[in-house]
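Worksheet: one structure, shown below.
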Amino acid sequence: MPWDESLQEVRRRCRDEIGALDRALAGGELDEGDWYRLVNASLIDAYLASDDPYWQSGFRGDARRWELHRRPVADAILGSLTERVARIRERAHVPHLAFVMIGESPPAEVYIHRLERLGARVGASVSRVPLPAGVALSDLERTLGDLNADEVVDGILVQMPLPDHLTGADLSHVVDIRKDVDGVTIQNVGRLYLGVEGQAPPTALAMMQMLASAGVEATGRHAVVVGRSNVVGHPVTELLLQQDATVTVTHRQTGDLGALTRQAEILMVGAGDPGLITRDMISDGVVIIDAGINVTEHGVVGDVAFDECREAAAAITPVPGGVGPVTNAMLLRNLVDSAEQRVD
Ligand code: NAD
């Protein structure tokens, strides 16, 4: 489809979405995810209606184009899952995710609501397993044992971060490896590091998916990873190495972060530090994948100062709406993988 036609199509879809969300707003039915969608759709629509020379020039660079295409990345994954779930359901099984929620937390509420809706969209089911805020480690372990034994359950997700009194609890040996959709068990971590098939953490998978969706080959490139946590930096480092990238891993104790990030052809960021990566810390043409999600007084922002970096970057993921929706799709993909293996 030529660019101008595809822009009209995008604009039409934005308008449809804004109309639907406006109706939901009037009925008081908007959740946090809807707000993001409304803001994003309105912004894109406004850009497309504007005389902004950036748009007129036919998407110089890839940054804006990527912004437009981020939802289709998640949509494409969810579309393929719908077909796979239909085949599983033909065998009288419904893929099922159990979400263990400890205490009451508005972000966890929003997250589960989003997962329930996405699950319903592909034909999977999601249940809440609420535990009191002060739950003892032994009770949490017993609950996980029950879920491991429950034939209905294909995937188990424990809400993170754990409350303070459980911090340091090692759940990596408690969840059944066949239901480990978050890739946290010792076995799945080991498989990732050995490069054999297993379940990897969804955020790291989503970051690699964004790279692939932008048509970027990691092979032979210098990738710099900011953050080394078990859910983001560490696993994405392994996935990059599997694709023969040269990887530099940085973290809070790294001396001159900018000196390293400026060398990056691919910059993968998951630090939890809003606006950490600024324009002076990147080189022109870098591809930036930002997994950071930080709630600030200015709203939800990533770890990369998006507005100042977007012009220099060949491609950049926005926050909100970049890696996040794709992570949810990857979590469901892990769930469907688990369900397929369990019905086989
Ligand atoms: P974490 O606190 O466990 O790890 C953060 C890592 O970043 C650490 O290795 C730390 O050394 C490093 N770091 C922190 N500040 C730094 C700095 N100033 N310079 C260099 N390195 C620094 O956090 P996490 O769980 O890995 O989450 C990181 C971010 O990713 C958070 O914003 C979180 O909300 C987000 N996140 C997003 C998703 C998603 O789906 N997109 C999923 C999980 C986490």
Side-chain angles (χ1 to χ4, degrees), residues 32-33 36 70-71 73-74 77 99 105-108 110-112 114-115 118 157-162 164 166-172 181-184 189 199-211 213 223-239 247-264 267-278 280-282 288-296 298-306 316-335:
E32 192 199 356
Y36 292 154
R70 65 190 189 266
R71 287 199 54 212
V73 176
I77 298 164
F99 187 87
S105 135
V110 171
Y111 184 44
I112 179 109
R114 210 171 288 170
L115 286 179
L118 278 181
L157 187 65
V158 181
Q159 175 198 322
M160 295 287 172
L162 292 173
D164 284 349
L166 295 176
T167 298
D170 183 8
L171 302 180
S172 62
V181 288
D182 220 13
V184 296
V189 173
Q199 303 265 44
T203 308
L205 290 174
M207 294 170 86
M208 297 305 289
Q209 182 67 45
M210 294 302 264
L211 209 53
S213 302
V224 175
V225 178
V226 182
R228 58 174 170 185
S229 75
N230 290 337
V231 288
V232 188
H234 235 146
V236 92
T237 296
E238 288 307 317
L239 293 170
V247 188
T248 299
V249 184
T250 66
H251 48 79
R252 209 177 264 115
Q253 308 307 327
T254 298
D256 186 350
L257 183 63
L260 295 168
T261 55
R262 272 189 294 277
Q263 295 174 30
L267 186 57
M268 301 289 223
V269 191
D273 190 346
L276 169 66
I277 305 297
T278 47
D280 59 311
M281 295 170 74
I282 60 167
I288 303 177
I289 314 284
D290 184 2
I293 300 176
N294 308 292
V295 180
T296 72
H298 306 297
V300 176
V301 300
D303 291 340
V304 177
F306 184 81
I316 181 169
T317 56
V319 179
V323 174
V326 183
T327 299
N328 294 337
M330 285 303 185
L331 173 69
L332 287 178
R333 196 184 80 178
N334 281 352
L335 176 73

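Counting starts at 1 for both ligands and their atoms, following the listed order.
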(request) Decide yes or no for Ile289 and Val236: does some side-chain heavy atom of the first lie under 4.5 Å from some side-chain heavy atom of the second? (result) no
(request) Please tell me if the side chains of Asn294 and Val301 come closer than 4.5 Å, counting only heavy atoms from C-beta onward. (result) yes
Any atoms of ligand 1 less than 4.0 Å from a non-hydrogen atom of [X]? List them with their elements.
| X | answer |
| --- | --- |
| Gly272 | 28 (C), 29 (C), 31 (C), 32 (O) |
| Asp273 | 18 (N) |
| His251 | 11 (O), 20 (C), 21 (N), 22 (C) |
| Gly227 | 6 (C), 7 (O), 9 (O), 12 (C) |

(message) Check for me whether Asn294 has a heavy atom closer than 4.0 Å to any atom of ligand 1.
(response) yes
(message) Please determine whether any non-hydrogen atom of Gly233 lies less than 4.0 Å from an atom of ligand 1.
(response) no
Taking distance alone, with no angle check, do [X] and ligand 1 share an N/O pair under 3.5 Å?
| X | value |
| --- | --- |
| Asp303 | no |
| Ala291 | yes |
| Ile293 | yes |

Within reach of ligand 1, part of [X] (heavy-atom separation under 4.0 Å):
| X | answer |
| --- | --- |
| Leu276 | side chain |
| Thr250 | neither |
| Asn230 | neither |

(message) Holding to side-chain contact (heavy atoms from CB on, under 4.5 Å), I want the full list of residues that pass it with Arg262, two or more places apart in sequence or in another chain.
(response) Ala259, Ser283
(message) Test of understanding: with side-chain contact (heavy atoms from CB on, under 4.5 Å), list the residues that count as partners of Pro202, not counting sequence neighbours.
(response) Asp182, Thr327, Met330, Leu331, Asn334
(request) With Val226 as reference, evaluate Thr250, Thr254, Val232 under the side-chain contact (heavy atoms from CB on, under 4.5 Å) test and give the passing residue. (result) Thr250
(request) Give the single entry among Val232, Thr254, Val226, Thr317 that approaches atom 44 (C) of ligand 1 most closely by any heavy atom. (result) Val232
